[in-house]
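Reading through the structure tokens given below for one structure.
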Amino acid sequence: MSGVGSGYDLSVTTFSPEGRVFQVEYAGKATDNGVPCVGVCCKDGAILAVEKPEETKMMLPQSNRRIFTVSRHCGMAVPGKLPDGRQIVSRAHQEAEQYKRFYGETIPTKVLCDRLANFCHVFSLYWSLRPLGSAALTASFDDQGPHIYLSETNGVSYRYYGIAVGKGRQGIKTELERLKLGEMTTREALKVVCKCLMRQRDESSNKKYEIELAWISEETGREFQRVPEDLAKQTVEDAKKEIEQEDSDSDMEA
Amino acid sequence: MDKLEGADGGPHTGTTIVAVSFDGGVVLGADSRVSTGTYVSNRASNKITGLCDNVFLCRSGSAAHTEAISDYVRFYASQHACEIEGREPTVKSVASILTQMSYNNKGLMAAMIVAGYDKKKGGQVFGSPIGGTLVEMPWAIEGSGSTYIWSFFDDEYRPGMTREETEKLVLNGIAHAMARDGSSGGIVRLVTVDKDGEKRQVFQGKEIPMILGDMAEPAASPTVVW
């Protein structure tokens with residue numbers, strides 16, 4: 001790692017001779033090495049899923065939230081550094097609220113995500129600030145349909161059919177590309193998304209983990225909600241079983 | 001209320017302004033008299049201003065205040081149009097910007113009507129009286145002349161009118177107000193907004209219905225000067 005940006009990576013206000021800002025790239029690594037998060041757009045809605053390792057046995061389950069509601073029609077998952085991500089969520093709350101107050105309408109998702117990307121970008125312009133080590137993986141449903149956006153710490157914001165960030169994202173993305181998510185409902189896609197997420201786990205690791213799921217669809221009345229607890233539990237168990245089944249099948253074939 | 005000169009005696013659009021929605025658009029109408037006290041400083045003013053391509057504003061109250069407000073709203077609306085790129089601003093969002101301005105500056109004397117057409121909800125009329133409320137209604141009237149035509153519109157307005165019927169209704173309403181209100185007069189301007197954009201019309205002299213009321217028909221065909 002050290003050696004690549006030698007000398008040009010000491011401050012966020014320094015460019016390298018190739019035109020890179022290393023501090024911003026390093027900030028991106030915080031997301032890349034963080035918890036895996038997935039967002040997918042389906043026929044009738046969008047899903048967010050985060051796989052969190054159990055940090056300590058003494059912590060109450062479900063208390064380390066990574067998915068937050070921004071407004072009724074919109075929510076986001078926070079990869080990377082959670083405290084940095086909470087700043088983004090807080091800003092998103094304000095943007096949505098002020099837009100509603102000024103224009104009398106709910107904020108269009110594109111506007112919100114562009115503003116969040118600009119917000120993240122501002123931190124890369126001043127020597128006295130550091131970039132945020134997180135990103136905003138946003139799921140929403142407005143009058144243009146369901147959306148998944150990723151607003152990154154370097155200031156870009158793109159819309160996706162499906163996207164994964166964090167550890168194992170390349171594998172998850174490959175799996176997502178194979179799926180026909182646009183033809184599935186959110187209910188059908190829930191288990192499929194869990195499987196994608198769980199397949200990327202290091203199989204030898206015995207560490208406990210928890211999957212946090214949230215969705216927004218026609219079924220939820222276009223309101224961003226956590227997937228009900230029993231349904232979430234059932235989905236994760238079913239996904240686990242199916243993975244074990246498929247693994248043992250492929251073992252037998254081999 | 002907004003009948004004659006304001007505290008500073010400046011030009012006043014003591015006025016009749018009307019906006020009525022129909023299925024597929026809106027019709028905005030206004031008289032054209034601007035008075036400073038008893039002197040008519042402009043007898044052919046345009047009280048209907050565009051805020052963006054699909055949303056228009058009828059102004060009454062202080063001419064200076066309403067012109068300043070409409071300039072600000074046009075500025076914010078055009079920035080908004082850039083931010084929501086690819087879509088036209090909704091009538092509601094432009095009306096909200098306007099009422100923010102009215103509400104946060106209580107010293108302003110501006111009673112306005114915002115009306116326009118967007119693909120989301122079709123033709124809409126928003127009343128924005130003094131103080132800064134925002135209320136969506138099927139039809140709205142403001143200005144000193146409006147006091148004389150409330151019952152006219154209560155009676156004559158029906159939901160589901162065609163474009164031509166609505167234009168006729170607005171023209172008649174303003175003619176009635178101009179017949180009784182000294183601060184309203186001149187020509188009648190109409191703007192019809194629908195999915196194809198705006199269409200402006202001007203009615204003057206004989207084109208404005210003559211409201212006889214209890215007067216007898218003129219004996220010979222007169223040259224009437226309005």
Side-chain angles (χ1 to χ4, degrees), chain A residues 41 46 70-74 76 88 91-122 125 136 138-152 155-161 216 218 221-223, chain B residues 21 51-55 57 69-70 72-105 112-129 131-137 140 195:
Chain A
C41 246
V70 167
S71 73
R72 288 195 117 198
H73 73 306
C74 177
M76 66 180 53
I88 306 180
R91 180 73 183 207
H93 284 146
Q94 287 172 39
E95 294 281 4
E97 183 57 44
Q98 281 176 7
Y99 189 98
K100 183 78 196 276
R101 194 152 11 103
F102 196 67
Y103 294 107
E105 299 183 319
T106 43
I107 188 167
T109 318
K110 181 171 194 331
V111 173
L112 173 67
C113 294
D114 281 353
R115 290 192 187 180
L116 291 179
N118 284 335
F119 173 70
C120 291
H121 175 246
V122 162
L125 297 174
T138 313
S140 75
F141 204 137
D142 60 24
D143 53 1
Q144 308 268 306
H147 299 252
I148 291 282
Y149 270 87
L150 180 64
S151 306
E152 298 179 49
V156 298
S157 164
Y158 296 131
R159 189 177 172 189
Y160 294 92
Y161 296 109
I216 179 169
E218 297 284 7
R222 300 197 181 183
E223 209 180 287
Chain B
S21 64
L51 296 176
C52 61
D53 287 347
N54 54 321
V55 183
L57 174 72
I69 293 175
S70 79
Y72 271 108
V73 176
R74 206 173 307 124
F75 168 71
Y76 285 123
S78 88
Q79 290 202 321
H80 179 57
C82 286
E83 199 178 18
I84 58 170
E85 54 187 83
R87 282 181 279 174
E88 57 182 2
T90 58
V91 184
K92 180 156 193 204
S93 56
V94 179
S96 295
I97 300 171
L98 182 111
T99 36
Q100 287 288 311
M101 219 130 275
S102 271
Y103 181 77
N104 291 324
N105 296 284
M112 300 167 286
I113 305 174
V114 183
Y117 175 87
D118 61 50
K119 281 190 215 83
K120 203 166 158 193
K121 282 178 81 178
Q124 295 147 76
V125 171
F126 288 86
S128 175
T133 359
L134 178 68
V135 51
E136 185 181 355
M137 355 211 263
K195 63 173 167 44

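Below, chain A is the first sequence line, B the second, and so on; all start at residue 1. These numbers come from the heavy atoms of this one structure, side chains and all, not from hydrogens, waters or symmetry mates.
Ring pair A/F102/B/Y76 is perpendicular by interplanar angle, where above 60° counts as perpendicular and below 30° as parallel.
Heavy atoms of other residues, nucleotides or ligands lying less than 6.0 angstrom from CG of A/D142 number more than 12. In the displayed structure, A/R72 atom CZ is contacted under 6.0 Å by at most 12 heavy atoms of other residues, nucleotides or ligands.
Interface remark: B/E83 contributes backbone and side-chain atoms alike to the contact with chain A (heavy atom separation under 4.5 Å).
For chain A, the option among B/S96, B/P89, B/A95 with the highest count of heavy-atom pairs below 4.5 Å is B/S96. The choice from B/H80, B/K92, B/Q100 that makes the most heavy-atom pairs within less than 4.5 Å of chain A is B/H80.
Using a 4.5 Å heavy-atom threshold, the side chains of B/R87 and A/D143 count as touching.
Atom OH of A/Y103 sits about 8.5 Å away from atom CD1 of B/I84, to the nearest 0.5 Å.
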